[in-house]
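Before any comments, here is the structure.
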Amino acid sequence: FVTKSMFVDYVIADDEAISLLKNIANSVAFYRYIAEKDVDLKKEDSLKIPYMSENGNAITDYMNYRYFYSSDAYSLLQESWIGQNVINILSHLYFEGLEEVDKKRLVSIFANLGFVEFDKEVFITQIVAADSKFCANVNIALEKNYLASKAFIDYVYNSDTQLKGGSLKN
């Protein structure tokens, strides 16, 4: 019995199996099993397989920004200045009650799928100030919206991040 072939032949190829993974309990069990068996989960193999967001949504978006749960990352979802930008926060339930060694394996699985730890300074300097599409969506959200503009300025100012002159010019 080879876990990798089971994964490809019975999960990826089966829409019913995929739909079962839209349930948080099933998804947690599945990803923990994959981590325990040390399956090398390749991005191309997993594009159909949902993961659960902190909001409880089943997501198959592997293109937008993806973060492991943290209160700082999750609070971003409440910010009006984010606008139409998509940020996905992985559910904390994947890691609840795990021993440290099991947690590391599971972090490795999700890191291979593009999840990263949220770092406010990196977010501001490499996404808000450097990703032109993200910045354009923020600008649209800020237009004629005083409260969103104030919240954005406060967020950047309170982060203590040193931005290069003109980096938020666009």
Side-chain angles (χ1 to χ4, degrees), residues 1-124 126-128 131 133-135 137-138 140-141 148 151-152 155 159:
F1 177 70
V2 178
T3 305
K4 177 68 175 178
S5 66
M6 180 273 311
F7 171 70
V8 172
D9 297 341
Y10 297 104
V11 177
I12 292 178
D14 185 349
D15 289 338
E16 188 175 328
I18 294 292
S19 70
L20 291 172
L21 295 176
K22 293 179 180 178
N23 170 285
I24 186 66
N26 295 341
S27 184
V28 167
F30 172 77
Y31 279 104
R32 286 182 178 186
Y33 179 79
I34 293 296
E36 177 187 324
K37 298 300 181 184
D38 201 28
V39 173
D40 185 16
L41 197 57
K42 301 274 191 245
K43 229 182 213 181
E44 61 272 8
D45 290 338
S46 63
L47 293 178
K48 287 178 55 178
I49 299 178
Y51 56 89
M52 302 303 289
S53 74
E54 185 62 22
N55 289 336
N57 300 319
I59 298 175
T60 55
D61 173 10
Y62 291 94
M63 300 304 292
N64 288 297
Y65 295 105
R66 295 172 304 287
Y67 294 105
F68 291 102
Y69 175 82
S70 74
S71 58
D72 283 343
Y74 189 65
S75 70
L76 275 178
L77 301 180
Q78 314 311 314
E79 296 289 351
S80 60
W81 55 264
I82 290 294
Q84 295 298 311
N85 289 307
V86 176
I87 298 172
N88 294 311
I89 310 298
L90 188 65
S91 174
H92 73 279
L93 296 175
Y94 287 104
F95 304 98
E96 201 169 70
L98 283 180
E99 299 289 326
E100 198 58 36
V101 70
D102 295 326
K103 193 178 286 188
K104 284 181 182 179
R105 282 192 210 133
L106 194 53
V107 164
S108 178
I109 292 288
F110 284 111
N112 286 339
L113 296 174
F115 285 86
V116 295
E117 295 291 335
F118 181 77
D119 180 302
K120 195 173 185 179
E121 183 174 341
V122 170
F123 176 73
I124 291 170
Q126 294 180 11
I127 297 171
V128 173
D131 179 335
K133 182 181 174 191
F134 193 95
C135 191
N137 284 332
V138 169
I140 291 168
F152 175 72
Y155 184 84
S159 75

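This chain uses plain numbering: 1 for the first residue, then up along the sequence. Remember, it's a predicted structure, so these values are computed and weren't measured experimentally. Scope of the values below: all heavy atoms of this structure, side chains included, with no hydrogens, waters or symmetry mates.
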[atom1]-[atom2] distance between [X] and [Y], expressed to the nearest 0.5 angstrom:
X     : Y      : atom1 : atom2 : result
Phe30 : Met52  : CZ    : CE    : 14.0 Å
Asp72 : Glu117 : CG    : CD    : 11.5 Å
Ser75 : Lys120 : OG    : NZ    : 7.0 Å

(message) Does anything in residues 76-100 form a salt bridge (Lys or Arg N to Asp or Glu O under 4.0 Å)? List the pairs, not counting sequence neighbours.
(response)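 Counting only pairs at least two positions apart or across chains, no salt bridge (Lys or Arg N to Asp or Glu O under 4.0 Å) contact touches residues 76-100.
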
(message) Run the side-chain hydrogen bond (donor to acceptor under 3.5 Å, both in side chains) test against Asn64 and tell me which residues pass, sequence neighbours left out.
(response) Asp61

(message) Quick test of your reading: applying side-chain hydrogen bond (donor to acceptor under 3.5 Å, both in side chains), list the pairs with at least one residue in residues 49-58, sequence neighbours left out, ordered by first then second residue.
(response)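 Pairs touching residues 49-58 that pass the test: Tyr51-Asn88, Glu54-His92, Asn55-Tyr74.
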
(request) With sequence neighbours excluded, give me every side-chain hydrogen bond (donor to acceptor under 3.5 Å, both in side chains) pair touching residues 18-32. (result) Ser27-Tyr94

(request) Sequence neighbours left out, what passes salt bridge (charged side-chain N to carboxylate O under 4.0 Å, His left out) with Asp102? Give chain and number order. (result)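 Asp102: salt bridge (charged side-chain N to carboxylate O under 4.0 Å, His left out) contacts with Arg105.
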
Does some side-chain heavy atom of [Y] sit less than 4.5 Å from a side-chain heavy atom of [X]?
X      : Y      : answer
Leu90  : Tyr69  : no
Ile87  : Leu77  : yes
Tyr67  : Val116 : yes
Val128 : Phe152 : yes
Leu76  : Trp81  : yes

(message) Parallel, tilted or perpendicular: which one describes the rings of Phe68 and Phe110, with boundaries at 30° and 60°?
(response) perpendicular

(request) Report the residues that fulfil ring-ring contact (aromatic ring centres under 6.0 Å, His included) with Phe123, sequence neighbours left out, ordered by chain and then residue number. (result)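 Here the qualifying residues are Phe118, Phe134.
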
